[in-house]
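Have a look at the structure below, then the notes.
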Amino acid sequence: MNRDSFESRAGKKKEELKRRIEAGDSEDEEDLGKRILVIDDLVRAERKANKLQKPTVFVSFAGDYGEELHKTVVYPAVRDLKTETGTRFMAENGMRSHGRPDVIEHIAALMEPCCIFLGILTREFEIKVDHPKERWAPGGWVLLEAGMALGMDLPVVFLLEEGIHRNFWFDFLGSVRHAPFDRANPTPGLNLAKQLILGHYKKLKTLKH
Amino acid sequence: MLIQVKLQPIANASIVVPWATGIQELDAEADPWLYRIPDPKNYIFSEFVVTPFNISVWQDLWSVQLINVEQKGILARLARFMRERKINIVSVNSSTIDQGAYHASRLVLDCTQYNSGVDRDHKYRSGEPAATLGQLQRELTLEFLEEVRLFNSNHPSIAVVRNLSMWRLYQEVGGAEIRAEGIRLRIENGKVTLPNEELRRLKRQLARIRSIEPPGDPWALTSLDDYSDAIRIFPFFQNMAIVPLAVTVDNRPGAIAAVAQVLSTNHINVLASKGWTSADQQWTHVWMLMRDDSQEILPVADEQVEERIEALLLASENLHDFDIRVYRVALESPEEIAR
């Protein structure tokens, strides 16, 4: 069966219905409008389903240590993950967007095909707070990209270096389990992050798509 | 879902086949299959299933439910749509509705040859209880976008649903154990009859478990699963501590709950039940097929069982001010319950 992609056919149908509404014939415009919304729902669902076929994790990091951790440890660990059929997970990040005038749009475009977000929160800036242990702020980009991921309905996992103040993550994602790690030995935290990613993936698979 | 529970003889007796057309010439060409279902604990036969679907498709059987505007060509387009995807339509039920404005269809599909990137293949779906045909449903919705009935944009009247009953049955009995046991039956006047050889085999197998051949002919609890087009037949004999009783009680809140509690407390398992309210709304009648797991209340061949059950119920605190009667449903001739 050789046919245009689903999105292409859906797009053509949508344009056709729009033209008919604009033509102002005797057709029921409200009904046509509802059917256009149905098309939008179908396309969203199709995109979501396709994401799970070749699952990609968007990995966000900041700072020199964050970059090093991503390159040497996190990226290989994500690539090592596999689905139940043996398909390897892919990893994406927004670092190529830096310096572009349309940086946010570019990051969004890279994030859109991903199904899970992994943010590496590392100690970037020491802050003045009255707390015995949590005295650090992470890089801003990770928080921004986490916000974008939440807006796209991606499940979020934080790989959270010990010492990051909770103001930077707990208030909006404290109810979700995260993976704390110690810079001296990040492996246990990374292993937990992998489990959380796989758990989110399995949950996404069981949701209707 | 199992509904339309009935208690009926199955020796030299016929069972109504709900999916029969009622036209003998057509029904003679139909495919009702009889399968013996072994008990997964010991693989000795324990019940029958009659279904229009051969076991070869049970693992990948789905139904499409569609309501569309009444217009020509929909069925042809549906058939073409399925053919393009190598999906075999094994059953169709459709009718015009709403004064001819709409048409409701239910198609049962054999998807064993259907593959897609998102819906995967038969091998995957056979082993995965949570498998869906989401992509097929989206494609179907797009294909019939303008014809499908739309109550609101969130709910186009189209659904693709798995026949989980048959899938589960296949998984539970291991497929191979029942594969060779399928027997073609013949529909006569909308009914099928179980072959006598099958009932003799049943008796022999039960004799192996109990070391004594069951007396008389079997009765059976038949349950129609209209969702999956299957009739489940649970046979039993009169020496199996399984008794059909009817309970009549005032039609007041809490009555049935209290009856059920008493039975449960006394280790009486209700295998099946059917209840209704009398025409004058005064009484609730419940027919129950009971099995005594302790063998103390309903010992074999006991003729005072209804009196014993009635005494148990009346002794209950929660039922002391209810009017209760317990009747034995004679297997020789089913009795109408009357007060």
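We name chains A, B, ... by the order of the sequence lines, and we start the count at 1 in each one. As the structure is a prediction and not an experimental result, all values here were calculated from the model. Values below: every heavy atom of this structure, side chains too, minus hydrogens, waters and symmetry copies.
Environment of CG in Asp64(A): sparse, with no more than 12 heavy atoms of neighbouring residues, nucleotides or ligands closer than 6.0 Å. Applying the 6.0 Å contact sphere to CD of Glu67(A) captures no more than 12 heavy atoms from other residues, nucleotides or ligands. Counting heavy atoms of neighbouring residues, nucleotides and ligands inside a 6.0 Å radius, atom CZ of Arg183(A) exceeds 12 of them. Within 6.0 Å of the CD atom in Glu84(A), the count of heavy atoms belonging to other residues, nucleotides or ligands exceeds 12.
No part of Ile36(A) comes within reach of chain B, as not one of its non-hydrogen atoms sits under 4.5 angstrom from that chain. When heavy atoms are compared at a cutoff of 4.5 Å, Glu30(A) does not approach chain B at all.
For the atom pair CG (Leu142(B)) and CD1 (Ile39(A)), the distance works out to 6.5 Å, reported to the nearest 0.5 Å. For the atom pair CG (Leu145(B)) and CD (Glu16(A)), the distance works out to 9.5 Å, reported to the nearest 0.5 Å. Atom CD of Gln135(B) and atom CG of Leu42(A) lie 11.5 Å apart (nearest 0.5 Å).
In terms of the side chain to side chain contact (heavy atoms under 4.5 Å, CB included) criterion, Gln99(B) has no residue partners (sequence neighbours excluded). Looking at residues two or more places apart in sequence or on another chain, you find a side-chain hydrogen bond (donor to acceptor under 3.5 Å, both in side chains) between Gln261(B) and Thr265(B).
Nearest heavy-atom pair, Arg138(B) versus Phe6(A), reported as atom, atom and distance to 0.1 Å: O-CE1, 3.6 Å.
With respect to the salt-bridge test (charged N to carboxylate O, under 4.0 angstrom), the residues Arg20(A) and Glu146(B) qualify.
Looking at Arg35(A) and Val148(B), their side chains come closer than 4.5 Å, going by heavy atoms from C-beta outward. Looking only at side-chain heavy atoms (C-beta outward), Gln53(A) and Arg120(B) come within less than 4.5 Å of each other.
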